[in-house]
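Written out below as structure tokens is the structure these notes cover.
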Amino acid sequence: MVLQTFIVFEGLDGTGTSTQIKLLQEKLESEKSFITAEPTDRETGLFLRKMLKGEIAVNPKTAAYMFAADRCEHVYGENGIVENCEKGKIVISDRYFFSSLAYQSFDCGEKLPYELNKNFPLPKYLFFFEIEPEKSLERVMNRSKQTGEQIEIYEKIDIQKKTYNAYQKVMDFYSKEEFSEMKIIRIDASLSIDEIHKKIWSIVQEMPILKS
Ligand code: TMP
């Protein structure tokens, strides 16, 4: 099932999805949009943030279950994705289950993340930000130096390289005809912030919900 007003941004750490979501948010009327992210800021997501910072160590399978549990609240919980789509809003999420398929596959295999996530609704648009893992990780490191932001457990070159390859497989899988109602838009994340924003806006502004 595809949620017609749901948009997802995906990509390796440091590819610039959050910056682009902020720019898109500025273009949209606040009462018509709902901007969100995974892991969420709900209790389930707070657990995951601690795990990402290395404060809690869990088995990789537990992490896969936790990301899916957090997502279940995000999709179906109060003031979640489905509720906001039903209210007629454009819902934009920084990451969704494609992150689980890419990130969790390297340490617990492809099958479990897929089984846990295959029944979640699909977004109408999936913007997939691509850049070589070396470059995106460099951005993460530079940002950390400038802002003091902590480096997270997946922000290592070997993990980012494996995740990059896994993401390509995930995008190939969802490019199949049976998922064609969802549009995957590949974004060259090495382009300028403004160029990327223009490309994204040219697509989003044509959504029927913005014409009504
Ligand atoms: P971010 O808030 O900077 O996007 O970081 C979230 C981190 O969590 C990022 O390294 C990707 C990771 N992650 C997963 O491993 N699986 C998931 O399902 C999600 C949503 C995020």
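All ligand and atom numbering here is 1-based and tracks the order in the structure.
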- request: Considering only non-hydrogen protein atoms, determine which one is nearest to atom 12 (C) of ligand 1 and report residue, atom name and distance to 0.1 Å.
  value: Y154 CD1, 4.0 Å

query: What part of T17 sits under 4.0 Å from ligand 1 if we count only heavy atoms: the side chain, the backbone, both or neither?
result: neither

message: Starting from atom 9 (C) of ligand 1, what is the nearest protein heavy atom, named by residue and atom, and what distance separates them?
response: D13 OD1, 3.2 Å

task: Using a cut-off of 6.0 Å, state whether more than 12 heavy atoms not belonging to I56 lie near its atom CD1.
output: yes

task: Considering the heavy atoms of Q104, write down every atom of ligand 1 situated less than 4.0 Å from one of them.
output: 14 (C), 15 (O), 16 (N), 17 (C), 18 (O)

message: More than 12 heavy atoms of other residues, nucleotides or ligands under 6.0 Å from CG of D107: yes or no?
response: yes

query: Below 6.0 angstrom between ring centroids: does that apply to F98 and Y174?
result: yes

- prompt: Is the closest basic N to carboxylate O distance between K156 and D13 below 4.0 Å?
  reply: no

message: Give me the nearest non-hydrogen protein atom to atom 21 (C) of ligand 1 as residue plus atom name, then the distance to 0.1 Å.
response: F67 CE2, 3.5 Å

task: Considering the heavy atoms of E152, write down every atom of ligand 1 situated less than 4.0 Å from one of them.
output: 5 (O), 7 (C)

- line: If we number the atoms of ligand 1 from 1 as shown, the ones under 4.0 Å from a heavy atom of R71 are 17 (C), 18 (O), 20 (C)

task: Could you list which atoms of ligand 1 come closer than 4.0 Å to a heavy atom of R49?
output: 2 (O), 5 (O), 6 (C)

query: Quick one: does R95 get an N or O within less than 3.5 Å of an N or O on ligand 1?
result: yes

message: Counting the benzene-type ring for Trp, do F9 and F128 have ring centres under 6.0 Å apart?
response: no

query: Around K111, counting heavy atoms of other residues, nucleotides and ligands shown, do more than 12 lie under 6.0 Å from its NZ?
result: no

- prompt: Has ligand 1 got any nitrogen or oxygen that is less than 3.5 angstrom from a nitrogen or oxygen of Y96?
  reply: no

- request: Please indicate whether K87 has more than 12 foreign heavy atoms, meaning atoms of other residues, nucleotides or ligands, lying under 6.0 Å from its NZ.
  value: yes

- request: Can you establish whether the number of heavy atoms outside E178 located under 6.0 Å from its atom CD is more than 12?
  value: yes

message: Among all the protein's non-hydrogen atoms, which is closest to atom 18 (O) of ligand 1, and how far away is it?
response: S100 OG, 2.6 Å

